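Scope of the values below: all heavy atoms of this structure, side chains included, with no hydrogens, waters or symmetry mates. By convention here, the first residue in the shown sequence is residue 1. What you see is a predicted model, and the numbers here were worked out from it, not measured in a lab.
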Amino acid sequence: MSLGAAQEESAAEIRLPADIDWEMLDKSRFFILGAALFSGVSGALYPMVVLKTRQQVQSAHLSSLNMSMSIMRHEGVRGFYRGFGTSLMGTIPARALYMGALEVTKSAIGSATCEMGFSDATSLAVANAAGGLTSAMAAQFVWTPIDVISQRLMVQTPGKNLMASKINQVKYSGGIDAFQKIVRQDGVRGLYRGFGVSILTYAPSNAVWWASYSTAHRLIWGSVSSADESSNLKSLAVQAASAAMASGVSALITTPLDTIKTRMQVLDGCGSRSIAGTVKDLVSEGGLRACYRGLGPRWASMSMSATTMITTYEFVKRLSAKSPDSSNWGC
């Protein structure tokens with residue numbers, strides 16, 4: 001029994017739109033369109049990532065508005081896109097791994113839970129959670145080195161360093177130069193700083209997000225299924241609302257771990273290479289509140305990113321779907 005079929009069985013009751021599972025996709029079109037569209041999304045949201053990263057590594061609290069004004073005053077628009085080229089290079093393979101692992105896992109787990117007799121709602125939630133968990137873990141093998149390099153470039157400012165005093169003082173001329181200097185100084189291990197805490201941050205967060213998204217999507221769709229709007233417009237609105245709801249909880253829970261991860265990847269010295277040392281430094285600087293530095297930009301970034309991601313993702317899946325005659329919808 002496939003996950004898509006499980007949704008169709010309950011369509012009369014909840015009127016959920018049928019899902020497009022892994023077997024129904026033209027894989028080449030799926031990855032090519034996904035890489036192109038998600039690269040555009042990354043470019044639009046990148047300034048908020050820079051803002052969040054700089055807030056997390058500074059020694060004292062500085063509001064998002066003041067930080068933005070400081071970047072614009074001293075660096076111009078270019079300051080909001082430091083490290084973007086490196087980040088974009090990593091986004092394409094990481095996103096391909098993410099989407100592939102997500103769809104394969106959702107299809108396999110969804111079919112297995114359906115065969116075990118679980119309800120379609122439970123099967124969807126479990127399959128989405130498992131897909132989020134495995135896709136996040138797979139993507140981190142590519143993304144962590146890119147994250148380390150791009151974040152070093154994000155916090156690098158011209159002239160006097162306006163960030164925390166412990167920021168690596170080595171100057172990088174670009175992504176390749178940063179890669180070479182990090183490997184020369186710390187070996188390959190230096191590219192995987194914070195890998196463990198990245199897994200602890202993103203794997204559970206993705207599992208919770210996808211399970212929450214599935215549940216919210218089902219509940220919201222059920223409440224508006226009798227409306228007169230066109231199916232496409234209604235589906236887009238429900239996806240966006242479900243993504244925003246799932247993102248709020250995820251950001252609130254995982255921001256402290258994300259702050260620790262960012263500091264481990266960017267700061268040097270004074271014991272900050274360990275989780276315990278990083279937490280100690282944060283608490284000494286501003287108490288528990290310091291662990292939530294960058295929450296505002298991160299919350300906004302996650303909400304907009306998730307809303308854009310899920311609508312783009314579903315759009316890519318529909319563009320990449322094979323004809324009904326060649327797809328496997330069977331139970």
Side-chain angles (χ1 to χ4, degrees), residues 1-22 24-25 34 37-38 41 44-45 98-99 102-103 105-107 109-111 113-114 118-133 135-136 202 204-255 295-296 298-321 329:
M1 184 179 190
S2 72
L3 193 56
Q7 282 185 280
E8 286 193 313
E9 280 190 355
S10 61
E13 178 186 353
I14 340 173
R15 300 176 64 184
L16 280 171
D19 191 29
I20 301 173
D21 63 24
W22 182 247
M24 300 162 60
L25 293 172
L37 289 174
F38 281 114
V41 171
L45 299 175
Y98 184 94
M99 293 191 300
L102 177 68
E103 288 301 321
T105 304
K106 282 174 59 180
S107 181
I109 299 298
S111 297
T113 51
C114 285
F118 287 92
S119 68
D120 60 308
T122 302
S123 296
L124 284 168
V126 171
N128 275 279
L133 185 72
S135 59
Y202 294 122
S205 173
N206 268 262
V208 170
W209 191 94
W210 279 103
S212 300
Y213 171 77
S214 174
T215 302
H217 183 265
R218 186 180 184 83
L219 291 173
I220 297 174
W221 187 270
S223 68
V224 301
S225 60
S226 60
D228 295 329
E229 290 91 345
S230 67
S231 179
N232 287 338
L233 178 60
K234 187 164 56 178
S235 179
L236 183 68
V238 171
Q239 289 166 357
S242 303
M245 289 175 63
S247 298
V249 177
S250 182
L252 190 62
I253 293 173
T254 61
T255 290
L295 174 62
R298 186 166 190 262
W299 191 316
S301 176
M302 283 186 67
S303 295
M304 286 190 282
S305 177
T307 300
T308 308
M309 181 273 291
I310 198 65
T311 51
T312 302
Y313 180 68
E314 294 295 342
F315 179 63
V316 168
K317 286 175 70 175
R318 279 165 175 72
L319 288 179
S320 306
W329 291 81

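- Interatomic distance, Arg298 CZ to Leu252 CG, rounded to the nearest 0.5 Å: 10.0 Å.
- With rounding to the nearest 0.5 angstrom, the OG1 atom of Thr215 is 9.5 Å from the CE atom of Met245.
- The side chain to side chain contact (heavy atoms under 4.5 Å, CB included) check on Ile253 picks up Val249, with sequence neighbours excluded.
- With a 4.5 Å cut-off on side-chain heavy atoms, Val208 and Ser250 do not count as touching.
- Donor-acceptor pairing under 3.5 Å is lacking for the side chains of Ser247 and Ser303.
- A pairwise comparison of heavy atoms in Ser205 and Thr254 identifies CB-CG2, 3.6 Å as the closest pair.
- Ser212 meets the side chain to side chain donor-acceptor pair (under 3.5 Å) test with no other residue; sequence neighbours excluded.
- One finds the OG atom of Ser119 at 8.5 Å from the CG atom of Leu124 (value rounded to the nearest 0.5 Å).
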**Request:** Evaluate the side chain to side chain contact (heavy atoms under 4.5 Å, CB included) criterion for residues Thr113 and Thr122: first the C-alpha distance (whole Å), next the side-chain angles of each, then the deciding distance (0.1 Å), finally the verdict.
**Result:** CA-CA 8 Å; Thr113 51; Thr122 302; over 6 Å; no

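- Here Ser135 pairs with nothing under the side chain to side chain donor-acceptor pair (under 3.5 Å) rule; sequence neighbours left out.
- Heavy-atom minimum distance, Ala244 versus Thr307: N-OG1, 4.0 Å.
- Note on ring orientation: taking the six-membered ring where Trp is involved, the planes of Trp221 and His217 are parallel (angle under 30°, cut-offs 30° and 60°).
- At least one side-chain heavy atom of Ile310 sits under 4.5 Å from a side-chain heavy atom of Tyr213.
- In this structure, Leu133 CG and Asn128 CG are separated by 12.5 Å, a value rounded to the nearest 0.5 Å.
- Shortest non-hydrogen contact noted between Lys106 and Gly131 is CG-CA, 4.3 Å.
- Of all non-hydrogen atoms in Ala241 and Ile220, the two that sit nearest each other are CB-CD1, 4.0 Å.
- Residues Gly132 and Trp210 come closest through the heavy atom pair CA-CD1, 3.5 Å.
- Contact record, Ala211 with Ala125: CB-O, 3.9 Å, taken as the closest heavy-atom pair.
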